[in-house]
Amino acid sequence: MRMVVVMVGMGHGQCLCVLEFKVEVVLPVTGRSRGKLSVFPHARGNRLAGREINPHRITRAMLCTPPLSFSDPIRSMRCLVINLDRSADRLAHVIAEFGRIGVAFERIAAVDALQRPDLSQMPMRPGALPWRLADSEVACLLSHRACWSILAAGDDPYGAIFEDDVVFTARAGPLLADSSWVPADADIVKLETFLQKTIIGLRRSGVGHGFSASRLYGVHVGCAGYILSKQAASTLLDATEEIGIPVDHVLFDPVLQPKPDRVVYQLSPALCIQEQHLRPGTAQLPSLIRQDRETRSPPNGSTQEPMKSTRARVMREIGRLSRRISELRRFRHSVIVPFEHRGKPMRRPHTQHG
């Protein structure tokens, strides 16, 4: 809430009364937040609060401090969490994560592929991909569309959507408790990192609490945590009426996304990460969709990339260098978006290095 008070003295003998307004908002998790508005609260060597001041006798010395000061109450961002009814362990995990950072959330029941045999019969958009989406991928997309519907029909300009295996950095609370830092032109803000290289703009905008936002230009899959504008939610619903692309590519793949002109930002360091990336090989919450993808063979039937010749490897490096130069010319660069867990930066597992 923001209040502006203008006080004007007109004519001889009228007085300017120094007033102070206080606003108190009680949030469900973070507790109470007070806002304060004061007009001419201080003067050099004197306290003006509570006194009546003749407007014809207000001197420059009385206005030596800012005449208007205001501290905004916290405006909590709406957070939606997708969770299967049968995944009680994941629900307990995400409750603990949100409790740790002091932010409230709303649980959205995920579409369960095991309870929906009709998913395998759903028509797919022709030409989207050379293979059909797995039932779990279709269910994941439908679950996110349910969240998009809620945001599109709501009053909030922005909302955050999370999956139930998300892990937050320790400083996540303040950003999720206030939406005023979101860039004004943002359609989507990606909050997580996949610890894989992507392309972002060189220009960074500080958003507070040690975070910055940059334009996201490269593929950066994963949809465990992102912020979506009300308008973008409505646009995505229209664009995904025909299913054919996994939801993370719909959101964060500039080649496959249905609306290429939308503005996507990347938060750095990342606000969150999927639990499976913290403990590769020993994850307590493994991805069911990844298991489906790994069991699906590539379109050519091959299960392993053939060995490249020396000439092919040299040409690959030359291509990589030329792309790097091209990115710099367009004021972009290739990075791995970092993530801090318990005060320590996370690194990609050695097995993921190219």
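Residue numbers count from 1 along this sequence.
- Counting only heavy atoms from C-beta outward, the side chains of L236 and L228 approach each other to under 4.5 Å.
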Walk me through whether R125 and I245 qualify under side chain to side chain contact (heavy atoms under 4.5 Å, CB included).
CA-CA 8 Å; R125 181 155 62 93; I245 303 174; 3.1 Å; yes
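- Distance alone, capped at 3.5 Å, is enough to place a donor-acceptor pair between the Q266 side chain and the E192 backbone.
- Taking the six-membered ring for Trp and the full ring otherwise, the centers of H277 and F194 sit less than 6.0 Å from each other.
- Remark: the backbone N or O of V111 is paired with a side-chain donor or acceptor of S143 at under 3.5 angstrom.
- Just one of L142, L119, V250 meets the side-chain contact (heavy atoms from CB on, under 4.5 Å) condition when paired with I243; it is L142.
- Side-chain contact between P338 and S268 is present, with at least one heavy-atom pair separated by less than 4.5 Å.
- Not a single donor-acceptor pair under 3.5 Å links the side chain of K190 to the backbone N or O of V264.
- Checking side-chain atoms of S234 against main-chain N and O of Q231 turns up no donor-acceptor pair under 3.5 Å.
- For Y265, there are no ring pair (Phe, Tyr, Trp, His ring centres under 6.0 Å) partners two or more places apart in sequence or in a different chain.
- Residues passing the salt bridge (Lys or Arg N to Asp or Glu O under 4.0 Å) test with D253, sequence neighbours excluded: none.
- Figure legend: R100 and F168 shown without cation-pi pairing, the cationic atom not lying both under 6.0 angstrom from the six-membered ring centre and within 45 degrees of its axis.
- When the options N83, I108, L80, L191 are evaluated for a side-chain contact (heavy atoms from CB on, under 4.5 Å) with F162, the one that passes is L191.
- The salt bridge (Lys or Arg N to Asp or Glu O under 4.0 Å) pairs that include a residue from residues 230-245 number zero, where partners must be two or more places apart or lie in different chains.
- Heavy-atom neighbours of R204 CZ from other residues, nucleotides or ligands within 6.0 Å: at or below the threshold of 12.
- Listed by chain and number, the residues in a ring pair (Phe, Tyr, Trp, His ring centres under 6.0 Å) with H144 are Y226 (sequence neighbours excluded).
- Using a cutoff of 4.0 Å between basic side-chain nitrogens and carboxylate oxygens, R116 and D135 are not scored as salt-bridged.
- With sequence neighbours excluded, no residue forms a salt bridge (Lys or Arg N to Asp or Glu O under 4.0 Å) with D156.
- Scanning all heavy atoms of the two residues, the minimum distance from E97 to V166 falls at CG-O, 3.5 Å.
- Using a 4.0 Å cut-off between charged nitrogen and carboxylate oxygen, D155 and R78 do not count as a salt-bridge pair.
- Between R90 and E163, none of the side-chain N atoms (NZ, or NE/NH1/NH2) sits under 4.0 Å from a carboxylate O, so this pair counts as no salt bridge.
- Listed by first then second residue, pairs satisfying salt bridge (Lys or Arg N to Asp or Glu O under 4.0 Å) with a partner in residues 209-227 number zero, not counting sequence neighbours.
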